[in-house]
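Read through the structure below, which is laid out as structure tokens, and then see the notes.
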Number of protein chains: 2
Amino acid sequence: MEGKSISQAMLRRLPLYLNVLRSRPASQPTISATALAAELGMGEVLVRKDLALICGKGRPRIGYSVQDLTAAITTFLRYDAIDEAVIVGAGKLGRALLAFDGYNEFGLNVHAAFDTLVNEAETTPGGKQVLPMSELEAYCVSHNIGIGVLAVPASAAQQACDRMVACGISAVMNFAPVHLNVPEGIVVQNENFAAALALLSKMPRSSRPAHETR
Amino acid sequence: MEGKSISQAMLRRLPLYLNVLRSRPASQPTISATALAAELGMGEVLVRKDLALICGKGRPRIGYSVQDLTAAITTFLRYDAIDEAVIVGAGKLGRALLAFDGYNEFGLNVHAAFDTLVNEAETTPGGKQVLPMSELEAYCVSHNIGIGVLAVPASAAQQACDRMVACGISAVMNFAPVHLNVPEGIVVQNENFAAALALLSKMPRSSRPAHETR
DNA sequence: ATTTTATCGATATATCTTTATCGAATAAGC
DNA sequence: GCTTATTCGATAAAGATATATCGATAAAAT
């Protein structure tokens, strides 16, 4: 069996590490867990524990090689292997997501958006296409789409999700604030603005030390 | 001491409950924790524990009053009390966030966006303004802005954050993938696409039961 | 060469979060 | 009215996650 435990929480931290590493000047070829922890405002022991699971040993008094560490995290997260993706739902949110231009940084290639209200192909100012929903199946199959970004209203989410799954999509990023029922083996990642804002409004503002989440 | 523990994780679930409640037909005046749990794909004990902390007791064999529960969650999350907000950073992401139109549903009023690259006020198709960064201070003070949405590049994030804090903002929703240092009493909520995608790419696709996060 | 100091890695502990179990309560059916 | 099924609420157990402690290591300073 796998002795290593791949913690959910740790997976969320890896991109943060990667970002710090990328922002380091080339003049500093190594970085310590202590420095990483300080920059991210977290405990240094936790950083070491995370790094221990994905890369070789660090050197006392020196730390880790920035280059090696970057490579290790990148491959671990498969940021080097491109995943093909589409957006389903071309309302305001869907189009905003389509216009966003930084996906390739973390190994995602967002092709196009699909919407039931669109009858013939449009091209956005950003140069990407918005296509009728009826073309989803053919497109996904021919372009080997593996990831679907779901940006439809809550009422249409489950149906749209089913359709994506039927097209061979194996991971869904869900922006609709509903629970999606999916077959075994399909991953759902919820990205919920409402939830995030709930925390903002409700978190204690003063009494406690300012604390950062995620 | 506060006997109740206000769990981070629970705060993220409350909006989900609220959404289920809102989608219920008026013909069903009550709902059981079991039903809520089933709809959200989670354990029913957890739902009961959450509800126990924010509302009155449920009735055996019946459940909770949909109306009372909705009211309890709404007030608990302060969705009834409007928070005034601005967006800092009017690049693609910032403008997309400005165009998004569902904020009022959860008690947020997004006024305008600010950007250093903008020299005179623009008005977006959605009817909201994009203003020069130099006007941030005056605007925040005169409109009593309490929440700032940070949508600038990573390199400018800390500086922009400092400026927001100086304007009296007490909560920051951070879309930049960096750690923000803030004074005591300021809340930071990170919303990180990269982290979300990391999970999507890396999560085991088949072996395990499909599992939903957040 | 020796001491000092920053850092690592491992083990143990604490904290937070979720799930499991059980008796009590109460509406519905008989 | 009595039984039955469903649901609640509380306690206990399990699991996941983060922190604290400590000896070992190796670069830097003396």
Side-chain angles (χ1 to χ4, degrees), chain A residues 1-14 16-17 20 28-66 68-69 72 179 195 199 203-204 208-209 211-214, chain B residues 1-14 16-17 20 28-66 68-69 72 179 195 199 203-204 208-209 211-214:
Chain A
M1 300 302 150
E2 269 271 0
K4 319 293 179 91
S5 61
I6 17 97
S7 146
Q8 287 272 324
M10 169 189 153
L11 281 177
R12 286 208 202 92
R13 287 189 295 264
L14 289 182
L16 302 179
Y17 299 147
V20 173
Q28 271 182 286
T30 63
I31 189 170
S32 70
T34 314
L36 262 173
E39 191 131 352
L40 292 168
M42 50 189 290
E44 59 179 70
V45 183
L46 185 52
V47 175
R48 273 191 213 109
K49 238 180 152 181
D50 287 347
L51 298 190
L53 290 177
I54 57 156
C55 75
K57 305 212 160 187
R59 289 162 61 196
R61 183 102 194 188
I62 293 291
Y64 304 83
S65 155
V66 171
D68 293 355
L69 202 48
H179 169 78
L199 284 165
M203 277 178 114
R208 311 191 161 191
H211 190 53
E212 187 173 317
T213 55
R214 278 277 282 298
Chain B
M1 304 295 157
E2 267 271 2
K4 319 293 179 93
S5 61
I6 18 99
S7 148
Q8 287 272 323
M10 169 189 154
L11 281 176
R12 288 209 200 90
R13 286 189 296 264
L14 289 182
L16 301 179
Y17 299 147
V20 174
Q28 271 183 283
T30 63
I31 189 169
S32 70
T34 314
L36 262 172
E39 192 132 350
L40 292 167
M42 50 190 289
E44 58 179 70
V45 183
L46 185 53
V47 176
R48 273 192 212 108
K49 236 180 153 182
D50 287 347
L51 299 190
L53 290 177
I54 57 157
C55 75
K57 304 214 160 186
R59 288 162 62 197
R61 183 102 197 190
I62 291 291
Y64 305 83
S65 155
V66 171
D68 294 354
L69 202 48
H179 170 79
L199 284 165
M203 276 179 116
R208 311 190 163 193
H211 190 52
E212 187 173 315
T213 55
R214 277 279 282 297

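Every chain is numbered from 1 and lettered A, B, ... according to where its sequence line falls, protein lines coming before strand lines.
- Closest to the side chain of A:K49, from the set D:dT19, C:dC8, C:dG9, is D:dT19.
- Between B:T34 and A:M42, it is B:T34 whose nearest contact on DNA chain D lies nearer the 5' terminus.
- When the C1' atom of C:dT18 is taken as reference, atom CD of B:E44 falls 13 Å away, rounded to whole Å.
- Picking from D:dA20, D:dT6, D:dA18 the nucleotide with the shortest atom distance to the side chain of A:L46 gives D:dA18.
- Here the nucleotide nearest the side chain of B:I62, chosen from C:dC8, C:dA27, D:dA18, is C:dA27.
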* Asked: Going through the checks in order, is the side-chain contact (heavy atoms from CB on, under 4.5 Å) test met by B:L69 and B:Y17?
  -> CA-CA 9 Å; B:L69 202 48; B:Y17 299 147; over 6 Å; no
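- In this model, the phosphate group of C:dT7 is not approached by any side-chain N or O of A:T30 to a distance below 4.0 Å at OP1 or OP2.
- Proximity of A:Y64 to A:L36: side-chain heavy atoms (C-beta onward) are nowhere separated by under 4.5 Å.
- Distances were taken from every side-chain heavy atom of B:A33 (C-beta onward) to each of C:dT18, D:dC8, C:dA10; the shortest belongs to D:dC8.
- Side chain of A:P60, nearest nucleotide from C:dC8, C:dT18, D:dT19: C:dC8.
- Going from atom CG of B:D50 over to atom P of C:dC16 covers 16 Å, rounded to whole Å.
- The nucleotide whose nearest atom lies closest to any side-chain atom of B:K57 is, among D:dG9, D:dT19, C:dT26, D:dG9.
- Contact between the side-chain N/O atoms of A:R13 and the OP1/OP2 oxygens of D:dA18 is found at a separation under 4.0 Å.
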* B:M10 and B:I54: side-chain contact (heavy atoms from CB on, under 4.5 Å), yes or no, with the steps? -> CA-CA 11 Å; B:M10 169 189 154; B:I54 57 157; 3.6 Å; yes
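- Ranking D:dC8, C:dT17, C:dG9 by closeness to the A:Y64 side chain, first place goes to C:dG9.
- In this structure, the CG atom of A:L51 is 14 Å from the P atom of D:dA18, given to the nearest Å.
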* To do: I would like to know whether B:V47 and B:M42 meet side-chain contact (heavy atoms from CB on, under 4.5 Å); could you show each step before the answer?
  => CA-CA 8 Å; B:V47 176; B:M42 50 190 289; 3.9 Å; yes
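- Between the CG atom of A:L69 and the P atom of C:dT7 there is a distance of 15 Å, rounded to whole Å.
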* Walk me through it: do A:R59 and A:T30 pass the test side-chain contact (heavy atoms from CB on, under 4.5 Å)? => CA-CA 10 Å; A:R59 289 162 61 196; A:T30 63; 5.7 Å; no
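- For the pair A:R59 and D:dA27, the criterion of a side-chain N or O lying under 4.0 Å from OP1 or OP2 is met.
- At the phosphate of D:dA16, neither OP1 nor OP2 sits under 4.0 Å from any side-chain N or O atom of A:S7.
- Proximity of B:R48 to the phosphate of D:dG9: no side-chain N or O atom is located under 4.0 Å from OP1 or OP2.
- Between the C1' atom of D:dA27 and the CD1 atom of A:I31 lies a distance of 18 Å, rounded to the nearest Å.
- Going from atom CD of B:Q8 over to atom P of C:dT18 covers 11 Å, rounded to whole Å.
- Each of C:dA27, D:dC8, D:dA26 was ranked by its minimum atom distance to the side chain of B:R61; first place goes to C:dA27.
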